[in-house]
Amino acid sequence: MSQKDQHRHISGGIVAEVAQMTEAERREHEAEVADVVATDREFAVGEGETLLEMDNVTVRFGGLVALDSVSFHIKRGEILGLIGPNGAGKTTCFNAMTGVYRPTSGRVLLEGKPLGRTAKYRITRKGIARTFQNIRLFEEMTALENVVVGTDARHKTSVLGALLRLPRHFKEEKAAVEKAMALLEFVGIADRAGDKAKNLPYGYQRRLEIARALATEPKLLCLDEPAAGFNPAEKDELMELIRKIRDDGFTVLLIEHDMRLVMGVTDRIVVLEFGKKIAEGKPEEIRNNKAVIAAYLGVPDDDVA
Amino acid sequence: MTTTKTPAPAKAPAEPPRRRSISEWWNNLSRFQQWIILLPLVALIFALPWLNPPLITTEPGYDFSIAMFDVARYCLIAIGLNVVVGQAGLLDLGYVGFFAIGAYVAALFTSPDSTLWKIPYLAAIPLAMAITMVFGVILGSPTLRLRGDYLAIVTLGFGEMVRLFADNVDALRGNRGFSNIGAPPGTRENGEPLFANFDGKPWYVLCVAVIIVILILAGNLERSRVGRAWVAIRDDEDAAELMGVPTFRFKIWAFVIGAAIGGLSGALYAGQQGFMNNQRFDVLTSVLFLAAVILGGSGNKVGVMLGAFVVAYVPLRFLSIAEWKFMIFGVALTILMIFRPQGLLGARQRLLTYGRQAYQRLVGRGEVVSSDTAMAGGKSLMNGGNGAPK
């Protein structure tokens with residue numbers, strides 16, 4: 001193993017160079033990477049204004065009400081936590097935002113415009129990207145290829161353009177690879193860019209999902225339990241990454257069970273239980289909220305009455 | 001039985017590392033070096049019918065040049081079907097339908113038996129491709145909302161419909177068929193046409209040239225947004241859609257491009273045969289096409305050509321076992337699926353135009369670091385070898 005590592009360093013590439021950089025050089029390099037990763041899309045709303053709004057969204061599956069007129073909003077530039085016990089409707093909420101489910105009633109508005117019945121891939125292009133609770137990478141592709149699929153969301157090369165290799169194809173391919181390489185560095189998995197996704201370690205796969213979602217240049221990044229299965233050290237690294245993503249100009253919606261992580265990284269928190277919103281506020285408010293404590297820990301029967 | 005079984009386990013552990021090192025060596029060569037190595041190989045392939053090498057030859061039982069044309073034709077079909085099945089992951093059991101449409105278009109527009117106006121054979125080829133593409137859209141747009149087994153059943157039906165049309169529509173002349181189907185121009189020294197149906201050599205050269213062009217074009221598509229969309233759809237259609245891939249549109253494109261290649265090979269086949277009737281487009285042929293793709297390695301262009309070679313060549317080389325071919329292929333496929341479910345060569349696609357440079361710059365190495373053969377044994381071993389830097 002050590003011999004292999006040696007080989008990796010000697011054989012060069014950016015990954016090896018970074019490993020040998022001084023602190024200052026490394027910081028400069030990281031700033032460059034962050035610059036390439038940052039989205040340069042035009043927003044219809046300013047910093048701190050409402051980016052996405054859930055307006056009385058109800059999702060019903062037959063007799064089951066998964067979401068019961070839930071309303072909340074996400075401000076541009078913040079990290080919003082979405083928490084709740086198992087089955088509270090967090091992922092359903094994600095699915096309603098990204099077009100997987102259509103709200104039975106109510107609306108989802110991105111930058112003030114309702115998403116309505118927009119196709120899923122168009123919603124992604126409009127600016128909502130997500131990761132999955134159970135990792136869903138393109139397993140037979142390399143890490144780099146996975147991320148480039150994300151960048152394709154913004155590409156316009158047609159089948160004919162690709163077949164005949166028209167100039168736009170080369171331009172987009174070049175830009176895509178640059179961006180994807182920066183993204184892999186950004187989330188910290190560039191050393192295994194050439195590995196098939198299915199052969200990556202678990203933590204790398206989770207990070208690759210984030211990189212792939214970021215590649216679509218989302219206005220809103222939705223992370224569905226990104227820390228599931230992580231040990232405390234990995235969770236700390238993930239918190240760092242989420243902050244870094246926000247600092248790079250992205251807005252983040254985070255579903256997470258781990259309270260330490262949620263409390264540590266979010267600006268605001270929305271709490272769901274049985275499909276209803278039971279609380280919303282800053283982390284410290286949520287921490288002391290009676291309804292939230294009751295939802296998580298339960299309450300003695302006589303207290304309810 | 002025992003003789004075939006004993007070497008297999010002995011070979012299995014040794015084989016994956018060897019193959020990996022060859023592919024790694026190959027991937028680390030520059031494009032230029034790869035071409036240098038490929039050129040003599042291509043020349044050799046072109047020269048095969050003239051060389052007529054002993055042992056490999058199918059004579060005296062079967063004309064070698066025609067046998068080689070048949071092999072080349074199967075290769076072309078396998079490449080086309082690989083776009084649909086191997087890359088986009090859409091199980092198409094009715095591919096022979098496109099092949100038949102291509103053959104019939106060539107026949108209808110060049111044979112004196114047809115009542116339609118006549119056009120030169122070389123013009124009939126693009127026309128055949130265009131018409132099969134239209135049929136690709138017609139079949140694809142209602143059915144590509146289906147997935148997996150359901151899609152397979154519908155395409156199976158499509159293949160049968162085409163055959164039944166050929167049986168029952170008067171203009172398609174059923175069993176009587178079309179004779180004197182056109183051929184590319186050119187005459188020999190003795191005044192006979194160059195592209196005659198008794199000599200497979202010119203047809204073989206034409207077909208190999210077509211294959212090379214198609215391989216280059218298919219490679220262009222693969223190393224682009226289109227190829228990535230297809231593989232994304234194959235790996236996880238829902239995730240692809242949520243990552244911004246217009247899945248429906250790209251599935252239609254996969255169908256249409258696959259159909260065009262099927263139509264092309266059909267038109268070549270009709271030209272070489274010179275006669276076309278309704279007897280050659282049954283489901284079994286479709287299954288044989290699919291067997292070539294699965295056998296060689298769905299998703300691997302070299303693999304599917306290898307599979308096509310086996311499927312087309314073996315029955316012609318060993319005429320005495322030809323009538324057993326379906327049983328032999330069946331047994332071979334079954335054994336293969338147990339020991340090597342990914343086919344002879346596992347799926348491997350390169351999906352980036354600048355991938356080579358990118359990997360070089362990031363990790364200082366040519367290409368894929370991890371194994372292609374993860375489904376085979378020794379997966380964990382090889383992963384350990386690559387080692388996560390921790």
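To find a chain, count down the sequence lines: A is the first, B the second, and so on, and within it residues start at 1.
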Chemist: Under 4.5 Å, counting heavy-atom pairs only, tell me which of B/G227, B/G299, B/A358, B/A232 racks up the most with chain A.
Modeler: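 Ranked by heavy-atom pairs under 4.5 Å with chain A, first place is B/A232.
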Chemist: Run the side-chain contact (heavy atoms from CB on, under 4.5 Å) test on A/Y121 and B/V245 for me, step by step, so that the C-alpha distance in whole Å, both residues' side-chain angles and the decisive distance to 0.1 Å come before the verdict.
Modeler: CA-CA 6 Å; A/Y121 73 91; B/V245 178; 5.8 Å; no
Chemist: With only heavy atoms counted, which part of A/T98 is less than 4.5 Å from chain B, the side chain, the backbone, both or neither?
Modeler: both
Chemist: Check whether any side-chain heavy atom of A/F132 sits under 4.5 Å from a side-chain heavy atom of B/L242, and report yes or no.
Modeler: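 Yes; the side chains approach each other to less than 4.5 Å.
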Chemist: Given a strict heavy-atom distance threshold of 4.5 Å, which part of B/I216 is in contact with chain A: side chain, backbone, both, or neither?
Modeler: neither
Chemist: Roughly how far, to the nearest 0.5 Å, is CE of B/M243 from CD of A/E209?
Modeler: 6.5 Å
Chemist: Examine whether an atom of A/K156 lies under 4.5 Å from a heavy atom of chain B, and if so say whether it belongs to the side chain, the backbone or both; otherwise answer neither.
Modeler: backbone
Chemist: May I ask you to say whether A/E145 pairs ionically with B/R223, meaning some side-chain N is under 4.0 Å from a carboxylate O?
Modeler: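 Salt bridge absent between A/E145 and B/R223.
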Chemist: In terms of heavy-atom proximity below 4.5 Å to chain B, should A/R154 be classed as side chain, backbone, both, or neither?
Modeler: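 Neither the backbone nor the side chain of A/R154 comes within 4.5 Å of chain B.
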Chemist: Any salt bridge (charged side-chain N to carboxylate O under 4.0 Å, His left out) involving residues 248-258 of chain B? Give me the pairs, sequence neighbours left out, ordered by first then second residue.
Modeler: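 Sorted pair list: B/E237-B/K251.
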Chemist: How many angstroms lie between CG in B/L351 and CG in A/L144, if you round to the nearest 0.5 Å?
Modeler: 10.0 Å
Chemist: Between A/R125 and chain B, with a heavy-atom cut-off of 4.5 Å, which part of the residue counts as in contact: side chain, backbone, both or neither?
Modeler: side chain
Chemist: Let me confirm one number: the CG-CD1 distance from B/D236 to A/I135, rounded to the nearest 0.5 Å.
Modeler: 12.0 Å
Chemist: So does A/T157 get a backbone contact from the side chain of B/R225, meaning a donor-acceptor N/O pair under 3.5 Å?
Modeler: yes
Chemist: Does the side chain of A/E139 reach to within under 4.5 Å of the side chain of B/R234, using non-hydrogen atoms?
Modeler: no
Chemist: For a quick check under 3.5 Å, do A/H169 and B/S224 share a side-chain donor-acceptor pair by atom type?
Modeler: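 There is no such pair (donor and acceptor under 3.5 Å, judged by atom type) between the side chains of A/H169 and B/S224.
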Chemist: What's the spacing between B/W253 CH2 and A/L163 CG if we round to 0.5 Å?
Modeler: 8.5 Å
Chemist: Once rounded to the nearest 0.5 Å, what's the spacing between atom CD of A/E140 and atom CD of B/Q342?
Modeler: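 So the gap between those two atoms works out to 9.0 Å.
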Chemist: A/A193 versus chain B, heavy atoms under 4.5 Å apart: side chain, backbone, both or neither?
Modeler: both
Chemist: Please round to the nearest 0.5 Å and tell me the distance separating atom CG of A/L137 and atom CG of B/D235.
Modeler: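 Rounded to the nearest 0.5 Å, the CG-CG separation comes out at 9.5 Å.
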Chemist: Quick one: what part of A/E172 sits under 4.5 Å from any heavy atom of chain B, side chain, backbone, both or neither?
Modeler: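 When you check distances to chain B, no heavy atom of A/E172 falls under 4.5 Å.
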Chemist: With a 4.5 angstrom heavy-atom cut-off, which part of A/V100 approaches chain B: side chain, backbone, both or neither?
Modeler: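 Looking at A/V100, just its side chain touches chain B.
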Chemist: Side chains of residues 180-187 of chain A: which donor-acceptor pairs under 3.5 Å do they make with residues two or more places apart or in other chains?
Modeler:
| from | atom 1 | to | atom 2 | distance (Å) |
| --- | --- | --- | --- | --- |
| A/E185 | OE1 | A/H29 | NE2 | 2.7 |
| A/E185 | OE2 | A/H29 | NE2 | 3.4 |

